[in-house]
Protein chains: 2
Amino acid sequence: MRVLLVENDKMIGSAVRDHVSSSGHAVDWAEDLRTARDLQAVASYELVLLDLGLPDGSGLDLLREMRRRGDAAAVLILSARDQIASRIEGLNAGADDYLTKPFDLAELRARVSAVSRRYLSQPSPERRIGPLGIDSANRKVTRDGETLALSAREWAVLERLARSPGAIVAKSEIEDALYAFGAEVESNTVEVYVLRLRKKIGREMIATVRGMGYQLVGNGG
Amino acid sequence: MRVLLVENDKMIGSAVRDHVSSSGHAVDWAEDLRTARDLQAVASYELVLLDLGLPDGSGLDLLREMRRRGDAAAVLILSARDQIASRIEGLNAGADDYLTKPFDLAELRARVSAVSRRYLSQPSPERRIGPLGIDSANRKVTRDGETLALSAREWAVLERLARSPGAIVAKSEIEDALYAFGAEVESNTVEVYVLRLRKKIGREMIATVRGMGYQLVGNGG
DNA sequence: ACAAAGCTGACACGGGCCTGAACGCGCCGG
DNA sequence: CCGGCGCGTTCAGGCCCGTGTCAGCTTTGT
């Protein structure tokens, strides 16, 4: 797995790089946003470890750029700011997870491994579930060959359901997939996105199991 | 996923139990080491949430026992001691992760989900009991290959019975599995759910043992 | 035969779920 | 600079089914 590390502190940077690369991943290290952009122009990464306090801007800017251009790489934010506010801001910008300094290197490695596992467990780029084709790498969904346009949240819900097709997924699990943790939602967001998803991929594709959760029906075969 | 919660504080215990079970996992709650050992003797758990300060000893003892006998279950330590020392001690004893109180419930849920994901990628955990197939991870029940639609309570009853197939389970035990600690039930709820379950999975699957309880028959083979 | 225990159909209620609509916000084109 | 648009989020109204309860019946043990 290719990992891009964006971190200006030399001590932390080298420690993280050594640790992650010793886990068997290829790590490129950029000390500022400019270098990070240059590296991303010539190589693609499955995971970005992102510091927020950089000399030439905020890491969140890079994250937003990535998401805007459709880069689906996993992003793990490393930041000294432990306030809930910046945490939520990062997650809203499309980060997958958040580690506050000082963090345990073993914990970092565990999260990196989790991302790695996610990618390894999907050998085939496109996954077929009934009439649906789900392309995780490109965040694309097709139904009967036609490409569907899903919003970010809609995609998140679908991907969570597709992770274990046929399984009943609790609402709280979907919520976790949408907001990671730290953020709080006070209304029926999940229900609304399930509704919108159903309108796009077909009502019959998602079954409600009252009191338990939702279920992506594998059409039964 | 089967989760064993070992926690003596009733407030924390019930909160954690409700939260984790709402994510779709089956949670057994032991308030001391002795109970925890008893539960582990009759059931197997994929995850143990372990408090260290228990009335009859340290949770670390239980953890060491588990590792000694080759129990590979994931262990997540919940402890008020935030010192590095005990943290390292716990990790050395074979814990997978460490949460210090007070911890964010959403964060706990996220870690539990991480463990769950790890286990979901493993081959089918489906359990066969006569003509029944019980998939605890996906909350699915099949009879002769056909998927049955169970309500939340019906599923809870079936899962409790399936935990020890062939054993006689007292009504009070089923009641405990249905309702959170301290809930009041004033009527024959268990009987009613056994009735409804029987209608779906087949009358002969659940035997009544008068004066003692119910029994999920493994058909004898 | 009698009492205790369990079985079963019916029913009212509450809450889980669905859905349309509205609002704020960031983004884009004019 | 401004108006439109897409998206995320919240809210209210309404539906519907799971749930709990009860009454009456059947079964079991003595």
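Note that these values count all heavy atoms, side chains included, but never hydrogens, waters or copies made by symmetry. Just so we're on the same page: letters track the sequence lines, and every chain starts at 1.
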I'd like a table of donor-acceptor pairs (distance under 3.5 Å, sequence neighbours excluded) in which one partner is a side-chain atom from residues 204-214 of chain A, with atom names and distances.
{"unit_1": "A/Glu204", "atom_1": "OE2", "unit_2": "A/Arg143", "atom_2": "NH1", "d": "3.3"}
{"unit_1": "A/Glu204", "atom_1": "OE2", "unit_2": "A/Arg143", "atom_2": "NH2", "d": "3.2"}
{"unit_1": "A/Thr208", "atom_1": "OG1", "unit_2": "A/Arg198", "atom_2": "NH2", "d": "2.6"}

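- Taking every side-chain heavy atom of B/Tyr214 into account, C/dC7 is the closest of C/dC18, D/dT21, C/dC7.
- Legend: residues meeting salt bridge (Lys or Arg N to Asp or Glu O under 4.0 Å) with A/Arg128, ordered by chain and number and at least two apart, are A/Glu126.
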Reading nucleotides 21-26 of chain C from 5' to 3' and marking B where a protein heavy atom lies under 4.0 Å of the base, S where only the sugar-phosphate is that close, and - otherwise, the string is -B----
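- Applying the salt bridge (Lys or Arg N to Asp or Glu O under 4.0 Å) criterion to A/Arg34, with sequence neighbours excluded, gives no partner residue.
- Scored by the salt bridge (Lys or Arg N to Asp or Glu O under 4.0 Å) test, B/Arg139 finds no partners at all (sequence neighbours excluded).
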Interface polar pairs with nucleotides 2-4 of chain C, N/O, under 3.5 angstrom:
{"unit_1": "C/dA4", "atom_1": "N3", "unit_2": "B/Arg210", "atom_2": "NH2", "d": "2.8"}

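- A sub-4.0 Å separation between OP1 or OP2 of C/dA5 and a side-chain N or O of B/Thr208 is absent.
- Residues passing the side chain to side chain donor-acceptor pair (under 3.5 Å) test with B/Thr35, sequence neighbours excluded: B/Asp32.
- The salt bridge (charged side-chain N to carboxylate O under 4.0 Å, His left out) analysis of residues 145-158 of chain B, with sequence neighbours excluded, yields the pairs B/Glu154-B/Lys200.
- Contacts of A/Lys10 classified as salt bridge (Lys or Arg N to Asp or Glu O under 4.0 Å), with partners at least two apart in sequence or in another chain: A/Glu31.
- Note on A/Tyr193: a side-chain N or O is less than 4.0 Å away from OP1 or OP2 of D/dT9.
- Residue A/Glu191 contributes atom CD, which lies 15 Å from atom P of D/dA12 at whole-angstrom precision.
- For B/Ser151, a side-chain nitrogen or oxygen approaches OP1 or OP2 of D/dT19 to under 4.0 Å.
- Here A/Lys199 reaches the OP1 or OP2 of C/dG20: one of its side-chain N or O atoms lies under 4.0 Å away.
- Between B/Val157 and B/Arg160, every side-chain heavy-atom pair lies at or beyond the 4.5 Å cut-off.
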